[in-house]
Amino acid sequence: MTATAGIPLVNAWNEWDTLREVVVGSADGACFEPTEPGNRPQVRRHKGAQFPTGRKSAEAVARANEELNGLARLLESRAVTVRRPGPHDFSRPLRTPHFDVENQYCAVCPRDVLITLGNEIVEATMSRRARYFEYEPYRHLVYEYWEADPRVGWTVAPKPTMSDAMYRQDFWEWPIEERHRRMHASEFCVGQTEVVFDAADMSRFGRDILVQESMTTNRAGIRWLKRTLEPKGFRVHPVHFPLDYFPSHIDCTFVPLRPGLILANPDRPISQDELSMFTDNGWELIQAPEPVLTNDEMPPYCQSSKWLSMNVLSLSPSTVICEEQEKSLQDLLADQGFEVLTVPFRNVFEYGGSLHCATWDIRRDGTREDYFPSITYEPLV
Ligand code: ABU
């Protein structure tokens with residue numbers, strides 16, 4: 001691979017410009033996510049049942065891979081270059097000076113691990129032990145882009161200890177009243193003593209980056225992002241969705257589709273004072289329709305919400321890929337003037353995501369634009 005004089009090999013400033021190259025995840029070697037301080041997986045519809053450990057079955061992996069490969073084929077049919085993660089032994093236990101974990105997870109959701117911010121690749125700290133080394137299946141790609149084009153930047157966020165002390169161990173047992181009170185103070189299972197963030201808590205709008213404070217991203221993580229990105233010309237905005245009691249990753253909550261248009265989760269409105277950034281700058285929020293599946297109907301090992309329905313992938317400001325069965329969402333987007341492409345993807349749900357989660361956009365057209373000309377911003381640095 002060699003760089004050409006035009007657009008850098010790594011170039012993505014927002015979530016919607018025309019997509020040219022993307023990484024699609026793989027379920028090869030996937031394991032069940034282990035119970036750990038930052039995660040208490042549960043079997044859906046079987047309260048109290050023991051959550052499995054170790055490798056997922058060959059059949060489950062094959063079903064997910066079939067759908068991931070289907071997405072890859074659709075993207076290639078639209079002239080998008082598709083790259084895939086390398087092999088990784090997720091069944092290997094981890095032992096660091098600070099924690100042990102019985103197995104790792106999978107490489108289905110690169111979105112959680114890496115983000116392209118302009119011409120730079122940023123590797124997130126991650127927030128869960130089983131995902132500590134999840135950057136490894138993508139490193140060969142990062143090196144390839146970095147070696148091939150001197151304009152490509154690469155920043156690795158500081159790795160947290162993920163020791164017991166980094167977490168609020170009692171978070172999972174909070175009674176409902178306490179949960180409500182502490183959620184509104186944005187207190188979740190990850191404490192504030194170390195820098196913690198997952199890349200999927202960010203959403204790109206040109207020079208403005210939203211970062212959701214969540215179970216997977218803390219205030220120190222947002223401070224680190226501000227301090228790192230502001231000198232590079234970005235404005236970093238913490239955002240909150242106070243009715244989401246288990247927030248993790250912004251891309252099932254607040255999804256920009258094109259300049260001026262956001263698909264918003266009706267169960268998780270953005271906090272009132274943060275809404276004005278959008279309304280003052282002419283952005284319209286449309287509410288996602290009720291998903292086809294209820295939370296109770298989601299696959300038994302899936303730890304994500306029914307709102308995976310709105311985890312769409314934009315191919316351009318006028319073309320979007322939706323899960324095949326989400327007809328109401330497809331109709332809504334078609335009414336908004338989008339060409340809507342569909343693929344089956346439900347067998348990927350138990351790996352933590354849908355179409356946006358299972359991809360990492362490397363190159364889109366476009367440059368850094370200001371979509372919020374009327375804004376008051378107080379930089380940290
Ligand atoms: N990884 C995205 C999950 C978000 C949600 O469960 O709503």
Side-chain angles (χ1 to χ4, degrees), residues 15 23-25 27 30 32-33 38-44 51 64 67-68 71 105-115 124-128 130-131 134 172 179 183 188-190 196-204 210-217 221 239-256 262-270 287-314 321-323 326 329 345-361:
E15 307 289 335
V23 177
V24 172
F32 288 97
E33 52 206 296
N39 193 14
R40 289 275 178 91
Q42 289 182 6
V43 188
R44 232 177 255 269
F51 198 80
E67 295 186 346
L68 288 157
L71 172 63
Y105 186 31
C106 65
V108 172
C109 291
R111 185 75 58 184
D112 302 353
V113 186
L114 298 122
I115 185 165
T125 68
M126 305 309 288
S127 54
R128 293 178 182 167
R131 309 190 75 180
E134 212 173 289
W172 304 97
R179 189 167 296 284
M183 295 296 158
F188 304 104
C189 51
V190 172
V196 178
F197 69 94
D198 280 6
D201 276 313
M202 278 183 262
S203 185
R204 298 157 300 174
L210 305 189
V211 192
Q212 171 182 232
E213 197 175 337
S214 71
M215 293 165 57
T216 41
T217 294
V239 286
H240 303 83
F241 302 88
L243 297 184
D244 187 357
Y245 297 124
F246 293 90
S248 158
H249 306 162
I250 195 169
D251 52 358
C252 293
T253 301
F254 203 74
V255 177
I262 285 170
L263 183 65
N265 184 320
D267 287 354
R268 304 172 181 170
I270 190 167
Q287 300 220 325
E290 198 53 37
V292 173
L293 297 178
T294 64
N295 278 326
D296 278 346
E297 291 164 344
M298 292 289 276
Y301 299 133
C302 172
Q303 303 302 300
S304 304
S305 75
K306 64 183 181 182
W307 294 108
L308 286 184
S309 63
M310 56 185 284
N311 193 245
V312 299
L313 177 67
S314 290
I321 310 181
C322 277
E323 207 286 324
E326 297 297 334
L329 179 59
F345 224 60
R346 282 202 183 157
N347 288 305
V348 179
F349 285 8
E350 74 170 72
Y351 300 79
S354 189
L355 297 152
H356 191 258
C357 300
T359 51
W360 161 34
D361 39 335

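All values derive from a computational prediction rather than experimental measurement. We count ligands from 1, going down the list as the structure has it; atoms in each ligand are counted the same way. Heavy-atom basis, side chains included; hydrogens, waters and symmetry copies ignored.
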Check: With a 4.0 Å heavy-atom cut-off (strictly under), which part of Cys252 contacts ligand 1: side chain, backbone, both or neither?
Finding: side chain
Note to self: Heavy atom to atom 6 (O) of ligand 1, shortest distance: which of Ser305, Ala358, Cys109, Gly352 holds it?
What the structure shows: Ser305
Checklist line | From Pro300, Pro299, Ser305, residue fulfilling side-chain contact (heavy atoms from CB on, under 4.5 Å) relative to Cys302 | finding: Pro299
Next item on the list: Would you check if Val255 and Glu15 make a side-chain contact, meaning some heavy-atom pair closer than 4.5 Å?
Entry: no
Margin query: Can you name the atoms of ligand 1, numbered from 1 with element, that are less than 4.0 Å from a heavy atom of Ser304?
Written below: 3 (C), 6 (O)
Next item on the list: Return yes or no for this condition: an N or O of Arg268 is under 3.5 Å from an N or O of ligand 1.
Entry: yes
Next item on the list: Consider every N or O of Ser248 and every N or O of ligand 1, then say whether any pair is closer than 3.5 Å.
Entry: no
Check: Has the side chain of Tyr105 got a donor or acceptor atom that lies under 3.5 Å from a matching backbone atom of Tyr351?
Finding: yes
Note to self: Any salt bridge linking Glu33 with Arg131? Criterion: basic side-chain nitrogen under 4.0 Å from a carboxylate oxygen.
What the structure shows: no
Check: N/O of Gly353 under 3.5 Å from N/O of ligand 1, yes or no?
Finding: no
Next item on the list: Please determine if His249 has a nitrogen or oxygen closer than 3.5 Å to a nitrogen or oxygen of ligand 1.
Entry: yes
Next item on the list: Inspect the contact between Asp361 and Arg204 and indicate whether a charged nitrogen and a carboxylate oxygen are less than 4.0 angstrom apart.
Entry: yes
Could you tabulate the donor-acceptor pairs under 3.5 Å formed by side-chain atoms of residues 243-250, not counting sequence neighbours?
residue: Asp244; atom: OD1; partner: Phe246; partner atom: N; Å: 3.3
residue: Asp244; atom: OD2; partner: Arg268; partner atom: NE; Å: 3.4
residue: His249; atom: NE2; partner: Asp198; partner atom: OD2; Å: 2.8

